[in-house]
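Below is one structure; the comments refer to it alone.
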There are 2 protein chains.
Amino acid sequence: MPVSSARRAPLTRARVLAAATAVADEVGIERLTMRLVADRLDVEAMALYRHVASKDALLEGLVESVVDEVSAACATLDEPQPGPGEDWRAVARRRILTAREVVLRHPWFPSLISARGTMGGSLLRYFDAFSGILLAGGLSPELLHRALHTLGSRVLGFTQELFAPDAPALADPDEATAALEAVAADLPSIARMMAVAVHDADTTIGWCDDQAEFEFGLDVTLDGLEARRREEAGRG
Amino acid sequence: MPVSSARRAPLTRARVLAAATAVADEVGIERLTMRLVADRLDVEAMALYRHVASKDALLEGLVESVVDEVSAACATLDEPQPGPGEDWRAVARRRILTAREVVLRHPWFPSLISARGTMGGSLLRYFDAFSGILLAGGLSPELLHRALHTLGSRVLGFTQELFAPDAPALADPDEATAALEAVAADLPSIARMMAVAVHDADTTIGWCDDQAEFEFGLDVTLDGLEARRREEAGRG
DNA sequence: ACCTGAACACCGTTCAAGT
DNA sequence: ACCTGAACACCGTTCAAGT
């Protein structure tokens, strides 16, 4: 439903991607439609095809946009390499948590990235900058390679969370207790874990404090990699 | 295009899910269509709706099917708990690598699981069995909780691989060298890493040996968690 | 009781036609 | 040169009708 045709800013690829990002943020990626993006730009859907080859290309562009946003946020940290004597883990950690802040604003990003296999240019450049930190920190190129695989999506600030019971349902103590009892018979080990979590409820944010969990898992991983680095250094 | 109507096996939910699994394995999850699943069963698409409430419910059922397959494969291991004096890591490791074998047969499984937020019953039971191993191994319920988050999708045998350059393109040494030179100017750190990988090419399977990378990352994670367990035990 | 046919609303995408 | 209108093929899904 484009408006009658007053003077509009000209359509550009950047405007298309910005509109698509806004649509994804608001209605979710699974409801993003060429026609919805076009509506937001006061244009017919077919006009988009002048700036993106297909819906798939648009989604690819969306990934690049978020990665650019991550890179920009990391640039403001202004500390591309570990300083002399500084642990590489601290530098990598700050970058990763900065990436996480950006990705939290675009919760559809993880699912998009798992859908497509290839890495675009901006993602490669981000990885190159990140790799520079680990090399400067003393990882060998071989260990760097394995470290990137080990960190996986954590490098971009998110993890695939499998174990995520409904947080809201468990926020209320009474409901949580009821859920616990219902679960105890069939799922004894999970029930034990839940009992503890419910008990700690006032010291953490709800059932699963995602930020705390992310940082814990990140530190476990970084520590494990640093241990491998030291082993390697000891041998070499 | 259902056939004229000879005697057929009656449609059941199980047959629908089996057909859908076969379709997903063959054409990929993104091309799975209600009509395609129906065709394979010699039935009209609308007949499926008697056994699944919607396409989304069908996909949910697909997830449950794979998890059941994983659970069945793990059951044949016949070692639900770490034996006395045995490291929990070895038991967890075998289970996870068994899960991986199943998931490798259904490569669409990871993307399906990242798309939907909730955990079905069979996934909860799988997690409960897995949790039992870690508790028997001496992890506290608190640490178990964090361990599950840290392991994330690795518990089911896969990771979100971000850094996956096109393996086939790099299998040929000449092409690999060309790619390396093209990349060296813009991406110095990645180039260093690639140079090493190309050099090692005859000792590993292609550029990225996924199985080896998965096991490396898994061990780094398990070792990190075991270190946390020992810290905890030392304090308690 | 179980499946089918026809239809609806909504996609991505094309292409000739408008300005 | 850039955008639109109409149309096509293909979805998921509904519902009354068939057997």
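Labels below follow one simple rule: chain letters A, B, ... track the order of the sequence lines, proteins then strands, and each chain is numbered from 1.
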Knowing that exactly one of R93(B), E101(B), R94(B) qualifies, which makes a side chain to side chain contact (heavy atoms under 4.5 Å, CB included) with L97(B)?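 The option that passes is R93(B).
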For the side chain of E44(A), starting at C-beta, report the closest nucleotide among dC3(C), dG5(D), dG12(C).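 Closest nucleotide to the E44(A) side chain: dG5(D).
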Please tell me which of the listed nucleotides, dT4(D), dG12(C), dG12(D), lies nearest to the side chain of T33(B)?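 Taking heavy atoms from C-beta onward, the closest nucleotide is dG12(D).
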To the nearest angstrom, how far is [X] atom [atom1] from [N] atom [atom2]?
X      : N       : atom1 : atom2 : result
D39(B) : dC10(D) : CG    : P     : 13 Å
R31(B) : dC11(C) : CZ    : C1'   : 18 Å
R35(B) : dG12(D) : CZ    : P     : 7 Å
K55(B) : dC11(C) : NZ    : C1'   : 12 Å
L32(A) : dC10(C) : CG    : C1'   : 15 Å
H51(B) : dC2(C)  : NE2   : C1'   : 8 Å
M34(B) : dC3(C)  : CE    : P     : 14 Å
L48(A) : dT14(C) : CG    : P     : 13 Å

What does dA1(C) pair with, Watson-Crick or G-U, if both distances are under 3.5 Å?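 dT19(D) - that is the nucleotide pairing with dA1(C), both distances being under 3.5 Å.
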Applying the Watson-Crick and G-U wobble criteria at under 3.5 Å, what pairs with dC8(C)? Answer none if nothing qualifies.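 Answer to the pairing question: dG12(D), which forms a Watson-Crick or G-U pair with dC8(C).
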Stacked cation flag R95(A) on F130(A), 6.0 angstrom / 45 deg: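 Judged by the rule, R95(A) and F130(A) form no cation-pi pair.
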Distance below 4.0 Å between S54(A) side-chain N/O and dG12(C) OP1 or OP2: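 For dG12(C), OP1/OP2 do not have a side-chain N/O of S54(A) under 4.0 Å.
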Minimum heavy-atom separation for L62(A) to L17(A), with atom names?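 Scanning both residues completely, I find the closest heavy atoms to be CD1-O, 3.7 Å.
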side-chain contact (heavy atoms from CB on, under 4.5 Å) between H106(B) and E69(B), intermediate numbers included: CA-CA 11 Å; H106(B) 307 297; E69(B) 202 179 330; 2.8 Å; yes
Applying a 4.0 Å non-hydrogen cut-off, can you work out what M46(A) is touching in the nucleic acid: base, sugar-phosphate, or nothing?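 Base contact.
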Is there a donor-acceptor pair closer than 3.5 Å between any side-chain N or O of S54(A) and the backbone N or O of A57(A)?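 Confirmed, S54(A) side chain pairs with A57(A) backbone.
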